[in-house]
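First comes the structure, then the notes that go with it.
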Amino acid sequence: MEVFRLFASLSLDASDFEKNLNTVENRLGNIERDFTGAGRTLTMGVTAPLAGIGAGALTVAADFEQSMNQVRAVSGATGEEFVALRELAKELGATTQFSASQAADAMNFLAMAGMDTESILGAMPDTLQLAAAAQLDMGSAADIVTNIMAGFGMETDKLGGAVDVLVQAFTNANTDLPQLAEAMKYAGPVANAAGIDFESAAAAMALMGNAGIQGSMAGTSLRGAITRLLNPTSKASEIMNELGLSFKDAEGQLVPLDEMLLQLEPHADNAGLFMELFGQRAGPAMAALVTQGSGALVDLTQKLHESGGRAAEVADVQMEGLTGAMRLFKSAGEAALIAIADSGLLEAATEFLTVMAGWIQNLSEVNPIILRV
């Protein structure tokens, strides 16, 4: 009987032990699952995003670095000058709707136009305003305005005034900045050589846009009209003499465009006259200007002469609202990624890849027999 009780007691103890062991195993299993879940959560919620941010920072910073390297190569800026350019590009990327890389692209075009570091630094605010007003990227805006200025033989320190004139022109007529740029490409050098000032030429091509004559059509039309007036055909000269039209002054220079239109206004309905004087392409464009009246050209030209501050005004309006805020947010985000990369990540990645490239180069020089092993 005593043996039976002892056996029962042992059985009971073994049963309790087994239950306790199962309990411990279950709890260990729960702990393991908790750690596994925590690890997965940590990977998905922390590690992976951090890796993504690092990769994004390297990509954005590498693009910016490449853009600034191009600026340095073209401008020749070194030392403190290059640091000043880089810091301004970063600042514009952090505080405006344009990214640091876009600012660097604009600097590159300004450098290609012959500007030194000081001039580039001074021109960036005006270039930014032109880009914002015209809703273009900064590189395109810088390329456009410097090309137009070169066509008219304008010095680089006149960039601010040129920007205001261009914005005033495309906000007061049926045209835009790319169309004006295309027109100026064809007409600018000829107009400048003929003594027609920048404002008058811009006003004329902008007003042509009101009649649907835009871009290259406007430019080639104005160029053709100027060329025909400088060297009129014998028939055209005869017609001008008969009608008492005189488009040159005593020194043989063309009179201002508004004076030409004023003389032509009484003949606005004579389409044949315009074709004979200016040719098949330029004739309709000049007729379109005359139809609008010399007063329209005078008024717009006057506005262009008094356009100071217009670019900043339009740029501010273009930045208002959700779209402007979204662009500002995106640029600020890119600036933050560049700052992360500049903290040492970009340098470390560059050094690592340089070492790896050297190792691979050395490996390629190893005897093939060794590599087969």
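From a predicted model like this one, the values you see are computed outputs, not experimental measurements.
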For the backbone of [Y] and the side chain of [X], can you confirm whether one donor and one acceptor N or O come within less than 3.5 Å of each other?
| X | Y | answer |
| --- | --- | --- |
| Gln214 | Asn174 | yes |
| Gln179 | Asp176 | yes |
| Thr127 | Ala123 | yes |
| Glu199 | His305 | no |

Using every non-hydrogen atom in the two residues, find where [X] and [Y] come nearest and quote the distance to one decimal.
| X | Y | value |
| --- | --- | --- |
| Val71 | Ala104 | CG2-O, 3.2 Å |
| Ser221 | Ala285 | CB-CB, 3.4 Å |
| Ala282 | Gly224 | CB-C, 4.1 Å |
| Ala191 | Ala201 | CB-CB, 4.3 Å |
| Leu85 | Ser75 | CD1-OG, 4.3 Å |
| Ala194 | Leu230 | CB-CD1, 4.2 Å |

Close side-chain approach of [X] and [Y], heavy atoms under 4.5 Å:
| X | Y | answer |
| --- | --- | --- |
| Val167 | Ser307 | no |
| Arg281 | Met217 | yes |
| Phe82 | Thr117 | no |
| Lys90 | Phe64 | yes |
| Leu92 | Phe98 | no |
| Leu257 | Met260 | yes |
| Arg72 | Asn69 | yes |
| Asn147 | Lys185 | no |

If the threshold is 4.0 Å, N to carboxylate O, is there a salt bridge linking Glu155 and Lys158? no
[Y] reachable from [X] in the ILVMFWY side-chain graph, under 4.5 Å edges:
| X | Y | result |
| --- | --- | --- |
| Ile226 | Ile239 | yes |
| Leu222 | Leu297 | yes |
| Leu136 | Met112 | no |
| Ile213 | Tyr186 | no |
| Met124 | Leu121 | yes |

Calculate, to the nearest 0.5 Å, the distance between atoms [atom1] and [atom2] belonging to [X] and [Y] respectively.
| X | Y | atom1 | atom2 | value |
| --- | --- | --- | --- | --- |
| Glu313 | Gln129 | CD | CD | 11.0 Å |
| Leu110 | Ser119 | CG | OG | 9.5 Å |
| Leu277 | His267 | CG | NE2 | 9.5 Å |
| Met184 | Ile144 | CE | CD1 | 11.5 Å |
| Met208 | Thr175 | CE | OG1 | 11.5 Å |
| Thr156 | Glu118 | OG1 | CD | 10.5 Å |

Restricting to pairs with a member in residues 191-222, which pass ring-ring contact (aromatic ring centres under 6.0 Å, His included), not counting sequence neighbours? Phe152-Phe198
Leu229 and Phe278: CA distance, side-chain angles, deciding distance, side chain to side chain contact (heavy atoms under 4.5 Å, CB included) verdict: CA-CA 8 Å; Leu229 291 177; Phe278 304 109; 3.6 Å; yes
Suppose the criterion is side chain to side chain donor-acceptor pair (under 3.5 Å): which pairs have a residue in [range], not counting sequence neighbours?
| range | answer |
| --- | --- |
| residues 162-172 | Gln168-Asn172, Gln168-Arg310, Thr171-Arg310, Asn172-Lys303 |
| residues 222-232 | none |
| residues 92-114 | Gln97-Arg327 |

Would you indicate whether Asp269, at its atom CG, is surrounded by more than 12 heavy atoms from other residues, nucleotides or ligands within a distance under 6.0 Å? no
Salt bridge (Lys or Arg N to Asp or Glu O under 4.0 Å): pairs with one or both residues in residues 241-265, sequence neighbours excluded: none
With Glu306 via salt bridge (Lys or Arg N to Asp or Glu O under 4.0 Å) - residues at least two apart: none
Donor + acceptor pair across side chains of Asp143, Ser140 (<3.5 Å): no
Side chain to side chain contact (heavy atoms under 4.5 Å, CB included) between Leu130 and Met138, worked out: CA-CA 8 Å; Leu130 178 61; Met138 286 189 68; over 6 Å; no
Start with the C-alpha gap between Leu289 and Phe274, add the side-chain angles, then the distance that decides, and say whether side chain to side chain contact (heavy atoms under 4.5 Å, CB included) holds. CA-CA 11 Å; Leu289 287 179; Phe274 287 92; over 6 Å; no
After noting the C-alpha distance and the side-chain angles of Asn210 and Leu207, does the key distance pass the side chain to side chain contact (heavy atoms under 4.5 Å, CB included) rule? CA-CA 5 Å; Asn210 291 342; Leu207 289 176; 3.5 Å; yes
